[in-house]
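Side chains included, hydrogens not; waters and symmetry mates left out as well; all remaining heavy atoms used. Both counts, for ligands and for their atoms, begin at 1 and track the order of listing.
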Amino acid sequence: MPLETPARIVSELASRGYNADREAVTLLANAPDPDAALDRALETAPDDALKLSAAHVEAALDAGQSDTPTASAANGPEPDGTASAPSNPSVSTGNRTGKSSGERGRSPVETGDVGGGPTRDTARQAVEVSGDMTGRSTGTGEYGDFVAVFRDRYERLSRQLRGRVNHRPTGALAGMAGGSEAAIVGMVSDIRSTASGHWLVELEDTNGTFPCLVMKDREIADLVNELLYDEVIAVEGTLADDGGILFVDAIHFPDVPRTYEPSTADRHVRAALISDVHVGSQEFMADAWHRFADWLHTPDAAEVEYLLLAGDMVEGVGVYPDQDEELDVIDIYEQYEQFSEYLKEVPGDVEIVMIPGNHDAVRLAEPQPAFDEELRGIMSPHDARIVSNPSTVTVEGVSVLMYHGVSLDEVIAELPDGKANYDEPHRAMYHLLKKRHVAPQYGGHTRLAPEEKDHLVIDEVPDVFHAGHVHKLGYGKYHNVLVINSGCWQAQTAFQRSVNIDPDAGFAPVVDLDTLELTIQKFV
Ligand code: D5M
Ligand code: FE
Ligand code: ZN
């Protein structure tokens, strides 16, 4: 069972409960007898070391004299298809089938992958998390919580709008003369079409509600079909003669300023943004994952120092009707055990941040607190940062709003196809930025947990908005914010076949944090 590739070394280490630095793997792969070197390194590593470092390996190699790495600095042949052009696999697509090292045959030329490329400088890595509500859930599920969370939402989003319009509380409008100009900042509480085809939008503030009429032939009527219940907007218009209704001339969203200037990192460093791994599903694409992990061990990926995972690590159990027919692993803990094994293939010096999704074993209602201690224990070997859905993760100065994306199903269902659809999931995400809320609508498909604070409001504009869930790859810029839906690692399920969803599986969008340029790496 020769260990001639980094991934095979990593999976061998993983099967023995170890994780390793990239440099350690490189040293092992370059040893004349990697198997022996690996055995020796594990024998000599301290008992409590979960992660094998280059120093451990060097010590072991020195002790084993003849196995001293001969050419760790010499570059071997480049991996097949090194082209870094978008959509080109940058790693070999050799026919590997299984996960165990014994089954994963590779051609010897690929050992060149491990030429001594630069090592990730973990001392320079910097990740800060804000908005992690794990352990800060205050909800009791009582009516009062709903009042509190909506009040907080209104307070915070109306603050974004108040400076832009000269608004009045709804209660004060009744006292104003018919024909006067007026503005309201309110939460959308109802949307109806009138008998003559105009739109009646009811807005609610802390004071009461007020009906606002948008005429069908006005240009702004087109904005009505992108409204969702419970989002906060501002309208300006003219009061009807009897004062009981506002004729709307303008609709404002909290939105992202067009002049927004994102922050960038001070050095050339990159982050891979993925989601929806779905380990435990029969459709989980283990081969594509192995290729991805292999690639992370190549010099081509040396600058990829961060891996952000936006939920659905595992397939879960009982998430959808008849889901059990497609489960490969039935036990939820076993699914996380396996996920943890796959995660160990990622180089130990890549910093990982993850949030849960709707398939994960945490409460379904959003915000979703991060995994509990038991699950963290299972995933501990990689020492990932495990935070709530949503969370904002600032990576070397670049803020990334991570949200799994369940509300996208709703945005796509409610908005006209031209404004949001599954083929362009990033455009559905644009609407969330425009509304400055990751899950505006309450009581529909997206379950929301009432908390004292609305953790789903987007207070600060992020530099990058990363979501998943819809299993479609899509990216673009919205007012200079880089928006990415990262696709998945699960082939089409029976349900997706039945509704004609063709998932984008096996892609890793990689962001240059110094320029916010995006490269799509393909592993299928
Ligand atoms: O969901 C992946 C995508 O597929 C997401 O857009 C929801 C949709 N989906 C998948 N299965 C179902 C069922 N059974 N009902 C409704 N919608 C579904 P994910 O939750 O990430 O698997
Ligand atoms: Fe998913
Ligand atoms: Zn999902």
Side-chain angles (χ1 to χ4, degrees), residues 273-286 288-289 292 308-329 332 335-336 338-339 342 354-371 388-391 401-415 417 420-429 431-432 438-439 441 444-448 456 465-474 484-509:
L273 274 49
I274 64 166
S275 66
D276 298 274
V277 188
H278 289 267
V279 170
S281 158
Q282 286 169 14
E283 286 83 15
F284 166 60
M285 294 167 57
W289 179 268
F292 170 53
L308 309 186
L309 282 143
D312 285 359
M313 313 303 156
V314 301
E315 174 63 12
V317 290
V319 181
Y320 292 122
D322 299 327
Q323 184 203 17
D324 47 336
E325 289 165 22
E326 290 186 75
L327 284 182
D328 182 35
V329 181
I332 185 76
Q335 290 182 3
Y336 282 99
Q338 284 204 7
F339 170 70
Y342 287 107
M354 57 170 115
I355 62 168
N358 57 310
H359 283 252
D360 285 299
V362 301
R363 81 169 182 205
L364 198 53
E366 298 176 7
Q368 295 181 284
F371 302 122
S388 66
N389 169 38
S391 283
L401 169 59
M402 295 177 68
Y403 170 60
H404 177 60
V406 168
S407 71
L408 296 175
D409 284 329
E410 206 150 2
V411 172
I412 291 169
E414 301 281 333
L415 269 51
D417 200 51
N421 58 71
Y422 283 105
D423 289 324
E424 299 167 299
H426 52 290
R427 293 185 60 210
M429 293 167 70
H431 287 280
L432 301 180
V438 297
Q441 190 156 293
H445 181 67
T446 318
R447 274 164 248 209
L448 302 184
L456 307 173
F465 182 19
H466 172 205
H469 180 65
V470 293
H471 293 207
K472 295 294 283 185
L473 178 70
I484 302 169
N485 197 294
S486 46
C488 63
W489 298 82
Q490 183 187 38
Q492 193 182 47
T493 63
F495 167 82
Q496 288 165 346
R497 204 161 33 248
S498 75
V499 295
N500 241 337
I501 295 179
D502 184 17
D504 292 320
F507 294 90

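Across Asn389, Asp360, Asn358, a single residue satisfies side-chain hydrogen bond (donor to acceptor under 3.5 Å, both in side chains) together with His404, and that is Asn358. Test Ile484, Leu432, Asn485 against Phe465 for side-chain contact (heavy atoms from CB on, under 4.5 Å) and you get one pass: Leu432.
A donor-acceptor pair is defined here as one N or O able to donate and one able to accept, closer than 3.5 Å; such a pair exists between the side chain of Gln282 and the backbone of Leu327. A side-chain donor-acceptor contact under 3.5 Å links Asn421 to the backbone of Asp423. At least one donor-acceptor pair closer than 3.5 Å links the side chain of Gln492 to the backbone N or O of Ile501. Between the Lys472 side chain and the Asp502 main chain, a donor and an acceptor come within less than 3.5 Å of each other. Between the side chain of Arg363 and the backbone N or O of Pro367, at least one donor-acceptor pair lies under 3.5 Å.
Minimum heavy-atom separation, Ile355 to Ser391: CG2-CB, 4.4 Å.
Nearest protein neighbour of atom 18 (C) of ligand 1, counting heavy atoms only, is Phe495 CE2, 2.9 Å. Scanning the protein for heavy atoms near atom 3 (C) of ligand 1, the closest one is His469 O, 3.4 Å.
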- Message: Between Glu326 and Phe495, is the side-chain contact (heavy atoms from CB on, under 4.5 Å) condition met? List the steps.
- Response: CA-CA 10 Å; Glu326 290 186 75; Phe495 167 82; 5.6 Å; no
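Using a 30° and 60° split on the angle between ring planes, Trp289 and Phe284 fall in the tilted class, from 30° to 60°.
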Check residues 273-281 and write down every donor-acceptor pair under 3.5 Å in which the side-chain atom is one partner and the other belongs to a residue at least two apart or another chain.
residue: Ser275; atom: OG; partner: Ser486; partner atom: OG; Å: 2.8
residue: Ser275; atom: OG; partner: Gly487; partner atom: O; Å: 3.2
residue: Asp276; atom: OD1; partner: His278; partner atom: NE2; Å: 3.4
residue: Asp276; atom: OD1; partner: His471; partner atom: NE2; Å: 3.0
residue: Asp276; atom: OD2; partner: His469; partner atom: N; Å: 2.8
residue: His278; atom: ND1; partner: Glu315; partner atom: OE1; Å: 2.7
residue: His278; atom: NE2; partner: Asp312; partner atom: OD2; Å: 3.2
residue: His278; atom: NE2; partner: His471; partner atom: NE2; Å: 3.1
residue: Ser281; atom: OG; partner: Glu283; partner atom: N; Å: 2.9
residue: Ser281; atom: OG; partner: Glu283; partner atom: OE1; Å: 3.0
residue: Ser281; atom: OG; partner: Gln490; partner atom: NE2; Å: 2.9

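Looking at Gln323 against ligand 1, nothing comes within 4.0 Å, counting heavy atoms. At a heavy-atom distance under 4.0 Å, no atom of Leu408 approaches ligand 1. Counting heavy atoms under 4.0 Å from ligand 1, residue His471 touches it through the side chain alone.
Using a 4.5 Å heavy-atom cutoff, the side chains of Ser407 and Gln441 are not in contact.
No side-chain donor from either of Tyr422 and Asp417 sits under 3.5 Å from a side-chain acceptor of the other.
Atom OD1 is the N, O or S atom of Asp276 at the shortest distance from the Fe ion (ligand 2). Closest N/O/S atom of Asp312 to the Fe ion (ligand 2): OD2.
Taking every non-hydrogen atom of Asn358 and a distance limit under 4.0 Å, the qualifying atoms of ligand 1 come out as 20 (O). Atoms of ligand 1 found under 4.0 Å from any heavy atom of Tyr422, numbered from 1 in the order shown, are 6 (O). When each atom of ligand 1 is checked for a heavy atom of His359 under 4.0 Å away, the hits are 19 (P), 20 (O), 21 (O), 22 (O). Ligand-side atoms of ligand 1 in range of Asp276: 21 (O), range being under 4.0 angstrom from any heavy atom.
Excluding water, every protein N/O/S atom under 2.8 Å from the Zn ion (ligand 3) is given here by residue and atom: Asp312 OD2, Asn358 OD1, His404 NE2, His469 ND1.
With a cut-off of 2.8 Å, the Fe ion (ligand 2) has no N, O or S atom of Cys488 in range. Taking backbone and side chain together, His469 holds no N, O or S atom under 2.8 Å from the Fe ion (ligand 2).
Of the listed residues (Asp409, Asp312, Ile501), the one carrying the non-hydrogen atom nearest atom 4 (O) of ligand 1 is Ile501.
Look at Lys472 and you'll find every heavy atom at least 4.0 Å from all atoms of ligand 1.
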